[in-house]
Amino acid sequence: MTGKEVLEKKGIKKDNIVGIKVGKKIFDLLTSLPKDVLDELEKAIEENKLDSSNSNVRLIRRDSPDGLDIMRHSCAHALAQSVKRLFPETKLSVGPTTEVGFFYDFYRPEGFSEEDLKKIEEEMKKIKGENLPIRRFELTKEEAIKLYEQKGETFKIEILKEIEDNVVSFYEQGEFLDLCRGPHVPSTGMIGAFKLTSISAVHFRGDEKAPQLIRIYGVAFADEETLQNYFKQLEEIKKRDHRKLGKELELFMIDEDEIGPGLVIWLPKGAKIRRKIENFWLKIHEKKGYNLVYTPHIAKINLWKTSGHLDHYRKFMFPPMEWDKEDEKERKEEARDFERSIGYGGEKTPYQLKPMNCPFHIMIFKSKTRSYRDLPFRLCEFGTVYRYEKSGVLHGLLRVRGFTQDDAHIFLKIDQIEEEVSEILEIIKEILSMFGFSEYMVFLSTRPEEKVGTDDEWDFAEESLKKALEKSKLNFEIDPGEGVFYGPKIDLKIKDVLGRVWQCSTVQLDFNLPRKFSAFYIDSDNQRKPVYIIHRAIFGSFERFFGIFIENTAGNFPPYFSPIQCAVISVKENSQDYASFIYNLLLENRLDCELDLETGERLSKRIRNWEVAKVPFMIVVGEKEKEEKTITIREKGGSIKTLSIEEGIKYILSKCIIE
RNA sequence: GCCCAUGUAGCUCAGAGGUAGAGCGCCUCCUUGGUAAGGAGGAGGUCAGGGGUUCGAGUCCCCUCAUGGGCUCCA
């Protein structure tokens, strides 16, 4: 007996019901229920407990999360049915749900156009209108393969072959049927408000060698209103888009044609913000015993051979800088008996743009003999690196080809890891909180199958990281096997105001690099001991973090990071001297401010200009203020107060200067 | 790298075979103003780049570059 039949038998209205949930198991109304589920359902109905929140058996309504998922699944079928009606030669693949909608993958070499998409959507609406009853039935795998052989659905046969069960389920609506494990709504009329949003190409099973399929995406919600709200939310995200705000607020630019894709120019206002962030960051790090260094952007290619980057990281590196052909002979002569293709030592050796800073920092460590007394030895740098990211993944500031890491490497003994990591976690929290980020998701990744380092080292290191995390009181999850081959790591993701999650901070242990470079220290027993390294970054990349920061604040930066903190505006010409006087006072107090003596525009227009530029404070002075030795402060958004010069400046400074 | 879409003034965009447009911004002038847009005039374009079709190409076709949304990738 199916859920539908039970409800009908018991006379329960099922207008908005799309399934039954027993414990964590979900059944649609079309599936024959196992005996125990059936019993429990009937019992719950008799005791009238179906909707009470503590009941183990519950009806799934279409607008609940589970209900939406069922409904979206049926949307995918309606999509496939629509496509088969309009383009019968199309072959079907799979059609699951997504977080807010659904998609279906089709094989159709000629693809679909935007026009096709509209037609498909219209046909889906028709299918919804037809309110076709949906039926579930089962076949043996053999029968199913036979059925699909008749229909020529080659992809379905492939999928069937991978299924282990011998009996498979089908769902049928009108002339359309599909291999599917469900669940589905009882009829096509039950699907909610939907819209097809995009088309993209994917490979069958994500395998690059497999044939290419066309994926059609849609979103679906219980009703038209929620669907519209979803699009409104998208608008909000669009409004905060850092690429748009970056242009409007003149923060950065990327000139793909003349300079190169993925290469960021920080404009004066963006650079001002960055410098404030750098100063703040550096002050904290110097307090914690870090040593700032600067290293070159290129190095002889052999450095990258030693570090192993050339073997493992090559596809993200820009090509080596080769000398002209005429120099080729000379270079080869200079080359010792090292790799012929690489060349080494001589004047004409190829150079390589750096994708990471660590080899330089190791060379600094190795530049003199280090004692155990020197450890932990902490180096930090705003190190600019270049990585050749594939063209399709570049995205504003969030994915670029040249970026500056807030990088640090800590050289230490293995028994210092725990304390050092817990110190690092404190620094991370302290710094991120200044940007309005306080919600974190933390992941500890442990040893993968392929790794360097001994099991003892891994045991000790993983345990140290765990203890440090526990001490930090951060909630964390363990990602078993997700560590990189050279050591375990902690990744920290931040949540922004729209609930989006971004990975920025990372703390990684490295058993590998010190060995590659034979980096050691002299211990108290006068023995050479191998040193351990922690790689860590808080922002990860200034560029990326800036993009996230822009979107999180919608360009309304906290006053202490604002590129222009205060605009001083004279009402008319006779107060210009007074405005200049106030402006100079602010400058003396290290405030970033602008003087607006513009006489060509109305006052309200000038105030609007500073509002649009998202300047947190304006000081407007006219005859009245000049007379009374006061200033009128307008905060962004419009609140206004008049204070004495001293009080007013004190107030603004308290919001704008961080020590 | 793959699929689809897009590329027109500094910015946002209209123009869809027949003389390159608007708003904002910029420059000049008028307006001397009290907390989010005062008025007038002006400058500004190899229509991403290259090739083709055509009497004639932002407009149609091909290639390249780049961007957007996905996919894949991200030791």
Side-chain angles (χ1 to χ4, degrees), chain A residues 98 103 105-106 108-117 197-217 234 238 241 243-244 246-250 253-262 307-309 311-317 355-356 387-396 399 448 450-452 482-487 489 503 508 510 512 567 569-576 597-615 618-625 632-642:
Chain A
T98 64
F103 64 79
D105 289 348
F106 302 97
R108 181 176 157 83
E110 52 274 63
F112 296 104
S113 67
E114 292 289 318
E115 281 301 300
D116 295 339
L117 209 60
T197 50
S198 63
I199 304 172
S200 91
V202 298
H203 289 281
F204 185 54
R205 281 184 289 214
D207 174 3
E208 251 183 275
K209 284 171 205 122
Q212 195 148 299
L213 304 176
I214 308 291
R215 177 171 298 177
I216 299 182
Y217 282 91
L234 283 189
K238 230 176 170 176
D241 191 312
R243 294 163 299 183
K244 178 173 172 280
K247 238 175 227 166
E248 284 171 8
L249 301 177
E250 297 174 8
M253 60 179 258
I254 297 172
D255 183 333
E256 295 84 8
D257 291 331
E258 302 292 326
I259 296 169
S307 68
H309 287 101
D311 294 329
H312 292 107
Y313 206 72
R314 186 173 220 142
K315 63 176 173 170
F316 291 109
M317 287 158 74
M356 292 193 188
R387 298 183 185 172
Y388 190 80
E389 298 282 357
K390 285 191 199 170
S391 60
V393 303
L394 296 178
H395 180 92
R399 202 72 183 267
E450 263 185 69
K451 59 181 181 5
V452 299
E482 285 301 301
V484 267
F485 75 89
Y486 51 74
K489 63 169 180 174
Q503 144 109 58
Q508 308 192 354
D510 194 332
N512 184 48
I569 305 167
S570 67
V571 176
K572 47 181 175 176
E573 273 169 6
N574 59 11
S575 53
Q576 283 181 350
L597 305 177
E598 186 63 56
T599 54
E601 293 290 353
R602 289 257 170 327
L603 179 63
S604 57
K605 178 61 186 292
R606 289 148 66 198
I607 285 170
R608 182 187 140 81
N609 288 343
W610 294 112
E611 279 282 349
V612 168
K614 300 184 191 282
V615 172
M618 288 174 225
I619 293 177
V620 182
V621 292
E623 283 168 278
K624 204 176 69 191
E625 285 81 1
T632 297
I633 299 172
R634 180 196 162 104
E635 291 191 42
K636 183 165 54 186
S639 83
I640 290 164
K641 58 181 148 201
T642 301

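All figures in this text were calculated on a predicted structure; none of them were measured in a lab. The figures here come from the full heavy-atom set of this structure, side chains too, leaving out hydrogens, waters and symmetry mates. Chain A is the first sequence line, chain B the second, and so forth, proteins listed ahead of strands; every chain is numbered from 1.
- Comparing the C1' positions of B:C63 and B:C71 gives a spacing of 24 Å, expressed to the nearest Å.
- Using N1 to N3 plus N6-O4 or O6-N4 for Watson-Crick, or N1-O2 and O6-N3 for G-U wobble, each under 3.5 Å, B:G45 pairs with nothing.
- Shown here for A:P261 and A:L394, the closest heavy-atom pair between the two residues is CB-CD1, 3.8 Å.
- Regarding A:I569, its CD1 atom lies at a distance of 11 Å from the C1' atom of B:G34, rounded to whole Å.
- Computed from coordinates, the A:M317 CE to B:A75 C1' distance equals 13 Å when rounded to whole Å.
- B:U28 sits 47 Å from B:U64 when the P atoms are compared, rounded to a whole Å.
- Within the 4.5 Å cutoff, side-chain heavy atoms of A:M618 are placed close to those of A:E611.
- Using atom P as the reference point in both B:A66 and B:A37, the two lie 43 Å apart (nearest Å).
- With a glycosidic angle further than 90° from 0, B:G21 counts as anti.
- Between A:V615 and A:K636 the shortest heavy-atom distance is O-CB, 3.6 Å.
- With its glycosidic angle within 90° of 0, B:A16 adopts the syn conformation.
- Nucleotides B:G39 and B:C55, compared at atom C1', are 47 Å apart to the nearest Å.
- Between the CD1 atom of A:I216 and the C1' atom of B:A5 there is a distance of 15 Å, rounded to whole Å.
- Ring geometry, A:Y313 versus A:F316: the interplanar angle falls from 30° to 60°, so the pair is classed tilted.
- One distance of note links NZ of A:K641 with CD1 of A:I633; it measures 6.5 Å at 0.5 Å rounding.
- Mapping A:G622 and A:N512 onto RNA chain B by nearest heavy atom places A:G622 at the nucleotide closer to the 5' end.
- Counting non-hydrogen atoms under 4.0 angstrom, A:E623 reaches a base of the nucleic acid.
- Between B:A16 and B:C61, the two C1' atoms lie 15 Å apart (nearest whole Å).
- The shortest non-hydrogen separation linking A:F485 to A:N512 is CE1-ND2, 3.8 Å.
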Contact list (N/O, under 3.5 angstrom) for nucleotides 36-43 of chain B vs protein:
{"unit_1": "B:A36", "atom_1": "N7", "unit_2": "A:R634", "atom_2": "NH2", "d": "3.4"}
{"unit_1": "B:A36", "atom_1": "N6", "unit_2": "A:E611", "atom_2": "OE1", "d": "3.1"}
{"unit_1": "B:A37", "atom_1": "N7", "unit_2": "A:R608", "atom_2": "NH1", "d": "3.3"}
{"unit_1": "B:A37", "atom_1": "N6", "unit_2": "A:R608", "atom_2": "NH1", "d": "3.4"}
{"unit_1": "B:A37", "atom_1": "N6", "unit_2": "A:R608", "atom_2": "NH2", "d": "2.8"}
{"unit_1": "B:A37", "atom_1": "N1", "unit_2": "A:R608", "atom_2": "NH2", "d": "2.7"}
{"unit_1": "B:G38", "atom_1": "O6", "unit_2": "A:G600", "atom_2": "O", "d": "2.9"}

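- Atoms NZ (A:K624) and P (B:G33) sit 15 Å apart, rounded to a whole Å.
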Enumerate the protein-to-nucleotides 8-14 of chain B contacts in which both atoms are nitrogen or oxygen and the separation is below 3.5 Å.
none

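- Pair assignment for B:A5 gives B:U67, based on Watson-Crick or G-U wobble hydrogen-bonding distances that are each under 3.5 Å.
- Per the geometry, OH belonging to A:Y388 stands 14 Å off C1' belonging to B:C73, to the nearest Å.
- Proximity note for A:H309 (side chain, C-beta onward) versus B:U35, B:U32, B:A75: the nearest is B:A75.
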Using nucleotides 62-71 of chain B, report all nitrogen or oxygen pairs with the protein that are shorter than 3.5 Å.
{"unit_1": "B:G68", "atom_1": "OP1", "unit_2": "A:R243", "atom_2": "NH1", "d": "3.0"}
{"unit_1": "B:G68", "atom_1": "OP2", "unit_2": "A:L394", "atom_2": "O", "d": "3.4"}
{"unit_1": "B:G69", "atom_1": "OP2", "unit_2": "A:H395", "atom_2": "ND1", "d": "3.1"}
{"unit_1": "B:G69", "atom_1": "N2", "unit_2": "A:I199", "atom_2": "O", "d": "3.3"}
{"unit_1": "B:G70", "atom_1": "O3'", "unit_2": "A:Y217", "atom_2": "OH", "d": "3.3"}
{"unit_1": "B:G70", "atom_1": "O2'", "unit_2": "A:S200", "atom_2": "OG", "d": "2.7"}
{"unit_1": "B:G70", "atom_1": "O2'", "unit_2": "A:Y217", "atom_2": "OH", "d": "3.1"}
{"unit_1": "B:G70", "atom_1": "N2", "unit_2": "A:A201", "atom_2": "O", "d": "3.3"}

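- Taking atom P on both nucleotides, B:A5 is separated from B:A57 by 25 Å, rounded to a whole Å.
- Atom NZ of A:K572 is separated from atom P of B:U35 by 13 Å (rounded to the nearest Å).
- Nucleotides B:C62 and B:U54 are separated by 16 Å at their C1' atoms, to the nearest Å.
- Residue side chain A:E625 reaches the base of B:G34 through a donor-acceptor N/O pair under 3.5 Å, judged by distance alone.
- Separating the CG atom of A:L249 from the P atom of B:G25 is a distance of 16 Å, rounded to the nearest angstrom.
- Atom CZ in A:R387 sits about 18 Å away from atom P in B:C73, given to the nearest Å.
- One P atom belongs to B:A48, the other to B:C11, and the distance between them is 13 Å to the nearest Å.
- The CD1 atom of A:I640 lies 10.5 Å from the CD atom of A:E635; values are rounded to the nearest 0.5 Å.
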Apply the test salt bridge (Lys or Arg N to Asp or Glu O under 4.0 Å) to residues A:K489 and A:E482: give CA-CA distance (whole Å), side-chain angles for both, the deciding distance (0.1 Å), then the verdict.
CA-CA 9 Å; A:K489 63 169 180 174; A:E482 285 301 301; over 6 Å; no
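- Within the nucleic acid shown, A:K315 comes within 4.0 Å of sugar-phosphate atoms alone, with no base atom in reach, counting heavy atoms only.
- Atom-to-atom distance recorded for A:M317:CE and A:H309:NE2 is 7.5 Å, nearest 0.5 angstrom.
- Contact check for A:K390 versus A:K315: no side-chain heavy atoms found under the 4.5 Å cut-off.
- Counting all heavy atoms, side chain and backbone alike, A:V612 lies closest to A:L249 at O-CD2, 3.9 Å.
- To the nearest 0.5 angstrom, A:E601 atom CD is 11.0 Å from A:R608 atom CZ.
- There is no side-chain donor-acceptor pair under 3.5 Å between A:S570 and A:Q576.
- Minimum interatomic distance between A:I569 and A:W610 (heavy atoms only, all atoms of both residues): CD1-CD1, 3.6 Å.
- Pair check for B:G21 finds B:C13; Watson-Crick or G-U wobble, both atom distances under 3.5 Å.
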